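Read the structure below first, then the notes.
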There are 2 protein chains.
Amino acid sequence: MDWSIQDIAKFAGTTSRTLRHYDDVGLLPPSRVGSNGYRYYDELALVRLQRILMLRDLGLGIPAIADVLAGERDDGHALRAHLAWLQQERQRIDRQISAVESTIDSIEGGEQLMAEKMFDGFDHTQYKEEVEARWGKKSYADSDAWWRAKSDAEKAEFRTFAAELGFDWMVAAGDGVAPDSETAQALAKRQADWLSTIPGAPGYGTGAPTKEYFTGLAEMYVADERFAANYGGIENARFVRDSMLEYAERQL
Amino acid sequence: MDWSIQDIAKFAGTTSRTLRHYDDVGLLPPSRVGSNGYRYYDELALVRLQRILMLRDLGLGIPAIADVLAGERDDGHALRAHLAWLQQERQRIDRQISAVESTIDSIEGGEQLMAEKMFDGFDHTQYKEEVEARWGKKSYADSDAWWRAKSDAEKAEFRTFAAELGFDWMVAAGDGVAPDSETAQALAKRQADWLSTIPGAPGYGTGAPTKEYFTGLAEMYVADERFAANYGGIENARFVRDSMLEYAERQL
DNA sequence: GTAGAGGTTGACGCAGCGTCAATGTCAAGC
DNA sequence: GCTTGACATTGACGCTGCGTCAACCTCTAC
């Protein structure tokens, strides 16, 4: 005794389309196919279908379902693999949930998005403590006052310049040029010139940063991941540092 | 100042293909397109890309990302909707995890899969307590002994018959026929005949179940969801009950 | 004979790109 | 001016698991 595709589908709580799909992928061939091409299913097929649907509800994909149904004693393996998968998924979801929550909090608190903060990495005033510890409170205060006095347009321009420079560093690093190459040294010069325009920076007004300041910064770039991020990762930061040190040796 | 698609991609930690995709879907058009068709991106585009990637990491889909980036003050809404989504997903995963765990346990314990149990619903010995409470301990013991004496092949045959009958009930119910229709009454007769062949069932040996037993069973089918499941859900079970009650009135 | 319910085999759609494939561009070296 | 190689472009298929037409048989019932 067997039944039509619709009967089986309704009984099992699924659709005839799904049954045809399972036939197509070889997961559940009909027990019989009429001369007219109609699919018919018997009790055995129905039992198999029930199992399939149960496993599907557990979240298994079609290949995994096939595995479970194929290996009589391999059940444990396929299901356990799926379990591990699920647990990993749960961790991912959990991380995303907390990340989304903190993002919402940030926005409500009027803070800017993380991504925006990134480019503010070029705003050295972010690193108050490091700056004060290395070059003194006055240095920081001067820089800070200078920065605050800028208009929004000026700030944007400053950021743009920083972004370009950081970017060009990265491109150079990606191209695999050497730290003592002309390209790298030109970038180091741009960086030095730029730094010397910032009040509070050691060397301000002399047209170039002091050697100590410049090499200190170079080391900081690799030591502090927040800086490294501005240059496209730690590897690039190392390239930047080496180029800057080379430049300091030669020019400062 | 702007950079090539590769430069931007590498800097942001993604691929040029992704950037082209974002252009295609209108999420991130390049800031400039050369006469040769090349895409170029400036700092503004880069900032936007950073945001996009951050939101993507939070699990948002492209339309959701577009929403967040579009509505300056709608951020909260889109993100909160996504948060609700995530929490719902987590619940689903949790349910699947516990379901998979219990399934593994069942298999290890040598039990059969849920799906297999379903058809054993026709094995009335599953319902020891109900049977004893309604029709006495002797009735259950007789049935049980009879069932145990059967060979596997006989059991399979019995189940097949039960499956067919249950199935045909469902099909009839699905067709919307009336309980007093010829079709329904014929099914009720099949059911009655079948029941009368089971030792321990009230009416065994007389060629027909007793009216009390038959009507009692009918009520049990709707009262107990485990039975209802055998007929394709509670609605069908009600149809089965009504047909059986009608049959009992007329024939028993 | 005809209507209506139900069956069949394609084939597109969805989400977000990965991955060719065929072809145009540009900078660099000979 | 030509070659080479790196990088750009625009298609278009693939993946997951079916939902959803579409065009076209088949069977049953009146």
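Here is how names work: the chains are called A, B, and so on, in the same order as the sequence lines, proteins then strands, and each is numbered from 1. Here the structure is a predicted model, which means the values were calculated and not measured.
- A:Arg32 meets the salt bridge (charged side-chain N to carboxylate O under 4.0 Å, His left out) test with A:Asp2; sequence neighbours excluded.
- Across all non-hydrogen atoms, the minimal contact from A:Ala78 to A:Asp67 is CB-CB, 4.2 Å.
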Return the polar atom pairs (N/O with N/O) between nucleotides 24-27 of chain D and the protein under 3.5 Å, or none.
{"residue": "D:dT26", "atom": "O4'", "partner": "A:Tyr38", "partner atom": "OH", "Å": "3.3"}
{"residue": "D:dC27", "atom": "OP1", "partner": "A:Asn36", "partner atom": "ND2", "Å": "3.3"}

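- Counting heavy atoms from C-beta on, the side chains of B:Leu187 and B:Gln191 never come closer than 4.5 Å.
- A salt bridge (Lys or Arg N to Asp or Glu O under 4.0 Å) check over residues 178-193 of chain B, counting only residues at least two apart or in different chains, returns the pairs B:Asp168-B:Arg190, B:Lys189-B:Asp193.
- Of all non-hydrogen atoms in A:Pro179 and A:Ser243, the two that sit nearest each other are CA-OG, 3.4 Å.
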TODO: Evaluate the criterion side chain to side chain contact (heavy atoms under 4.5 Å, CB included) for residue pair B:Asp94 and B:Arg90; output intermediate values, then yes/no.
DONE: CA-CA 6 Å; B:Asp94 281 349; B:Arg90 194 168 80 131; 4.2 Å; yes

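- Note on ring orientation: taking the six-membered ring where Trp is involved, the planes of B:His82 and B:Trp85 are parallel (angle under 30°, cut-offs 30° and 60°).
- A:Thr15 approaches A:Thr18 most closely through the heavy-atom pair OG1-OG1, 3.0 Å.
- No engagement by A:Gly34 is indicated, since no non-hydrogen atom pair under 4.0 Å with the nucleic acid exists.
- In this structure, A:Thr14 and A:Arg56 approach most closely via the heavy-atom pair OG1-NH1, 4.4 Å.
- Nearest heavy-atom pair, B:Ala192 versus B:Tyr247, reported as atom, atom and distance to 0.1 Å: CB-CE2, 3.7 Å.
- Residue B:Gln6 places none of its side-chain N or O atoms closer than 4.0 Å to OP1 or OP2 of D:dA6.
- Two end axes, each from the C1' atoms of five base pairs, can be drawn for the helix from C:dG1-D:dC30 to C:dC30-D:dG1; they diverge by 40°, to 10 degrees.
- Judged by distance alone, with hydrogens and angles left aside, the side-chain atoms of A:Thr103 form a donor-acceptor pair with the main-chain N or O of A:Ala99 at under 3.5 Å.
- A straight line from CZ of A:Arg56 to C1' of D:dT16 spans 13 Å, rounded to a whole angstrom.
- Heavy-atom distances under 4.0 Å link DNA chain C to B:Thr15, B:Arg17, B:Thr18, B:His21, B:Tyr22 of residues 14-32 of chain B, given in residue order.
- Along DNA chain C, read 5' to 3', the first and last nucleotides having any atom under 4.0 Å from a heavy atom of chain A are C:dG6 to C:dA11.
- Of all heavy-atom pairs spanning B:Phe239 and B:Ala184, the tightest one is CZ-CB, 3.9 Å.
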Open item on the list: Pair B:Tyr41, B:Leu49 - check side chain to side chain contact (heavy atoms under 4.5 Å, CB included), show working.
Closed with: CA-CA 10 Å; B:Tyr41 299 80; B:Leu49 175 58; over 6 Å; no

